[in-house]
Amino acid sequence: MTEYVGQSMPRYNGIGQVTGTARYVDDIQFPGMLYVKVLRSPVHKGTIRNLDLSAVAKTTGVAGVLTADDIPGQNAYGFYGDSQVFNPKQPRFKGEPIAAVVAVDEDTAMEALAKAKLDIEEQTPVFDMFEALKPNAPLVRPGTANNLFEYAPGKTTFVIKLGDIEKGFQEADHVIEGTYKEGMQDHCPMEPHVSVARIDDADRLEIYTHSQCLNVHLGFLCPVFNLPQSKINYIGGRCGGGFGGKNDIHCDHIAGLAALKFRKPVKFRFTRKEDLAYSTKRGPWVFEYKTGFKSDGRIVASHIREFHDSGAYTGLSPYCIEKCGMFASGPYAVPNILVEAQVIYTNKPVSSSMRGFAVLNGQVAMETQMSRIAEQLGLDPWELRFINAWRDGDMGASRYVVQGAGAIEAMRKCAELAGIQLPAKLMEMNSRRR
Amino acid sequence: MKDVGYFAPSEIGETLKLLADYGAQATVLAGGTDLVPKINCYELKPENLLYIGRLGLDYIKEKDGKLVLGAATSTAQIAANELVQKKATALAQAAYRSGGAATKTIATVGGNVANASPGADLACALLAMDAEIALASVRGTRSVAIKDFFTGRGETVRRPDELLLEIHIPIPKGKTVFWKLGRRKAKTLSVANTSVHLLMDGKKCVEARIALGAMAPTLLRCTQAEALIKGQTLDITAAEECAARAVADSAPIDDQRASAWYRKKAGQALVVCALAQAADINN
Amino acid sequence: MKHVLSFTLNGAPVDALVQATDTLLDVLREKIGLTGTKRGCDTGNCGACTVLIDNEPVNACLTIALTVTGKTVTTVEGLVEGSELHPLQKAFHEHGASQCGFCTSGMLMAAKALLDKHPQPSRSAIVEFMSGNLCRCGTYLEVIEAIQAVAGGK
């Protein structure tokens, strides 16, 4: 093992990647394979009055249709269990799957889908988080009291407290406030979402997946199919880029249902357009930062309010908001911290994980605050960061004790690579002690 | 599922006959870089494809003071062609910047014009050069000035039975330049583009033609802006006034590439740059 | 009506039964079963499906299959020379120019097209030529290094 440390090694499975023999999910084909296309909600919010798929099913080349009635188990999956495989009643975002058609090829499936008679009453959607917080806002989730995620019954705000925030602001010589807005982002991996499923020779449901978290997803799929883990052969290993987007199931559930119903190999793949429009996203954020600091540059108080747009379902938003909150004051020793965060539902695609689980989103805001503080104090922005950077033994927002801190060393390396000569006193600092 | 017909004639006469028979039921296919994505994305289902890549329409020649381009000449050919680089510089620049290497191999100049995208790069340069579009049908051939060719987004005066055969470019007397702004440096569609032809006599502008792209449902010829500088001394102030006039009549849209507001700003800046380059204005 | 498409694929003649609207990518991947060429966008934006037609780089997803009748198509599967990897394949592997690998086939084919024409391109010429091939993992620098290594070695 030690002979590999510090060495640049070729990928263990890289030969397949340069010869074109590496097998990705869309490369898998079985004789007689059927293809799935999904009937998606044409509206951002609505109530389905009637759905007639008889003409779809009768189209030449169509094996049949799939609806929520075909689900042997529960019509629910996801990290917080609220996503629906098919939404038969009240679609919550444009593009939400309502039903599916299974046909000999995708062109036939598309042609058949055009014959679906969907009678849907369009309702007023809400897209903006703050609109969604207003008292009479349209409700994204039918039967709920508001558009907020509940951490516990009645508890809609996630709070992190360290020290005494009021005392912190009293000690501060200056305070800077800032509001930061960040937009939605798609992972856009080169490999669009795809799944292949079939019944294998041991009568197990075999699913080829590009899942980024196989064990978790297998756990999600069992109750949908009403099958024990031993009856599902969930095969992963190759992923043509995920970046957090393949932390959520997009195709495996529907491909699996089709294979179970029609007992044939089935492929379900998103077009690039579907991938961009309907897959999970890095959700939009609004941050309100209030930072108190001393005239010598030390940050003494950090009050942060986070508003996270979760889209129509929960995805991984509560986890994102927690993780974001823990690190939202940056890699800096701030003795008094208050984070108050809310997950807000809107009629948009589902927000979930993406590279860094939302830690980065908070950093953008915090680092902007830092630059503004340096400017106000007339301090070198590097020095401000060096002064406040974590040292071993400092305490982070959620009371973790920092060990192996390295922000100073990392910043110094960045400066060196960028050809920036730092002042001597910064060169003498280190992360072991203040 | 209804099958789509496919024709790949090797003679122009046969092609025109097919167009006469099928009219709008025949979709002309050259490189396919604009057409095929629509088919792939289920936005278009042609009745018949009529492939014109076997007609020998890929040529660039000089004849009677004009450059003649076969409709199926690829953008890669045009970008690399010395005749075009020397005598219709802006067209070579537009072709070079029109896409990535793999797209330029098959994308054609005829397709760039016939597709009538308001942001088409080659068509923008051709508009500044007063090119003529040669259309052929069994009824004969006709020539249409490119400024009269486009009637709307994706719409032209080409009749369903006509084939865009050639593009004729009167060799510009002055200097031609092409500028574009995309979302990235290369392999990108234009957020805005412009092409300028200027004939200068010292610092005086003798002749001017300005084309502006992605700023309205069709490419724009900015005749009022041209009138501002024609016969005048062209310095940076005049160029700026001219550019402001050029975008004044534009009506860009908001889309995924840029907002209308941004397009106006960008278009104006591009025209200034293009004029400055074409007139050798320093600063 | 289906049409018979005859062309030369990686040095050998092939026939396939195709629809008029099938793209070369559809035919390569789903009719012939050569899945090294990847489907990333179906709109000519990503470059994952880059192949060579008569030695010129082309997006297979933008190419109506029947238009390659009588032509020569080279895919990533045709890069291996006998049992030896092509120098670009070796260089991509050694320089870590392939992370998830989904863009790699297209990158290799574009790079081959470049080096076949310009055996010693400048760095900026490489960047320019490869601009039609997207990578989301971020291997661009390694891709440039790998191409430079092959160009330098010739």
Side-chain angles (χ1 to χ4, degrees), chain B residues 1-8 10 26-55 58 72 74-77 79-80 96-108 111 182-189 256, chain C residues 1-5 17-26 39-71 106-107 109-114 117-118 121 124-134:
Chain B
M1 210 176 65
K2 199 170 159 291
D3 285 333
V4 178
Y6 180 81
F7 302 98
S10 54
T27 302
V28 177
L29 167 70
T33 54
D34 285 313
L35 178 67
V36 179
K38 291 183 195 141
I39 299 174
N40 289 346
C41 296
Y42 308 99
E43 287 162 13
L44 175 85
K45 175 114 190 186
E47 301 268 338
N48 297 283
L49 288 176
L50 175 58
Y51 180 53
I52 60 160
R54 294 184 188 279
L55 299 177
D58 50 339
S74 76
T75 49
Q77 271 174 281
Y96 180 71
R97 297 202 56 199
S98 63
T103 327
K104 286 190 283 195
T105 305
I106 54 172
T108 66
R183 293 294 302 262
R184 51 199 293 258
K185 266 199 268 181
K187 170 96 183 174
T188 183
L189 294 175
Q256 72 274 22
Chain C
M1 190 182 73
K2 293 217 174 182
H3 308 261
V4 178
L5 163 65
L17 207 55
V18 306
Q19 300 271 9
T21 49
D22 284 345
T23 62
L24 178 59
L25 182 63
D26 297 331
R39 184 190 301 277
C41 71
D42 257 342
T43 51
N45 281 297
C46 79
C49 68
T50 307
V51 299
L52 306 186
I53 299 179
D54 292 345
N55 300 316
E56 298 288 345
V58 162
N59 298 118
C61 77
L62 292 183
T63 306
I64 291 291
L66 285 165
T67 66
V68 305
T69 301
K71 294 187 179 177
M107 290 271 188
M109 300 317 289
K112 177 173 159 55
L114 171 66
K117 264 199 199 143
H118 309 283
S124 66
I126 296 173
V127 171
E128 169 77 36
F129 197 88
M130 298 300 290
S131 70
N133 293 77
L134 305 187

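Computed over heavy atoms, backbone and side chain alike; hydrogens, waters and symmetry mates excluded.
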What option among B:A102, B:G53, B:G100 has the most heavy-atom pairs under 4.5 Å with chain C?
-> B:A102
Salt bridge (charged side-chain N to carboxylate O under 4.0 Å, His left out) against B:K104, all qualifying residues, sequence neighbours excluded =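 Result, salt bridge (charged side-chain N to carboxylate O under 4.0 Å, His left out) vs B:K104: none returned.
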Which of the residues C:L66, C:T43, C:L52 is involved in the greatest number of heavy-atom pairs with chain B at under 4.5 angstrom?
->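 Option with the top pair count is C:L66.
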C:A113, C:S131, C:G132: which one forms the most heavy-atom pairs within less than 4.5 Å of chain B?
->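 That would be C:S131.
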Which pairs, with at least one residue in residues 46-68 of chain C and sequence neighbours excluded, count as a salt bridge (charged side-chain N to carboxylate O under 4.0 Å, His left out)?
->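 Every pair satisfying salt bridge (charged side-chain N to carboxylate O under 4.0 Å, His left out) with a residue in residues 46-68 of chain C: C:E56-C:K117.
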Is [X] close to chain B through its backbone or its side chain, or both, or neither, when contacts mean heavy atoms under 4.5 Å?
X	answer
C:L134	side chain
C:T67	both
C:N133	neither

Work out which heavy atom in C:P57 is nearest to a heavy atom in B:T105; give both atom names and the distance.
-> O-OG1, 2.6 Å
Minimum-distance pair of heavy atoms, taken over all atoms of C:A20 and B:G5 =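 For C:A20 versus B:G5, the nearest heavy atoms are CB-O, 3.8 Å.
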To the nearest 0.5 Å, tell me how far B:Y6 OH sits from C:T69 OG1.
-> 5.5 Å
Atom pair CZ/CG of C:R39 and B:N40 - distance to nearest 0.5 Å = 7.5 Å
Side-chain touch C:I64/B:V36, heavy atoms, less than 4.5 angstrom | yes
Pairwise side-chain contact, B:T103 with C:N59, heavy-atom cut-off 4.5 Å (strictly under) =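 B:T103 reaches C:N59 side chain to side chain.
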Tell me, with the steps shown, if C:Q19 and B:D3 meet side chain to side chain contact (heavy atoms under 4.5 Å, CB included).
-> CA-CA 7 Å; C:Q19 300 271 9; B:D3 285 333; 3.0 Å; yes
Between B:L189 and chain C, which part of the residue has a heavy atom less than 4.5 Å away: side chain, backbone, both or neither?
-> neither
B:Y96, OH: over 12 other non-hydrogen atoms inside 6.0 angstrom =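 It does not: B:Y96 OH has 12 such atoms or fewer within range.
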Residues B:I106, C:L62; criterion side chain to side chain contact (heavy atoms under 4.5 Å, CB included); working and verdict = CA-CA 9 Å; B:I106 54 172; C:L62 292 183; 4.0 Å; yes
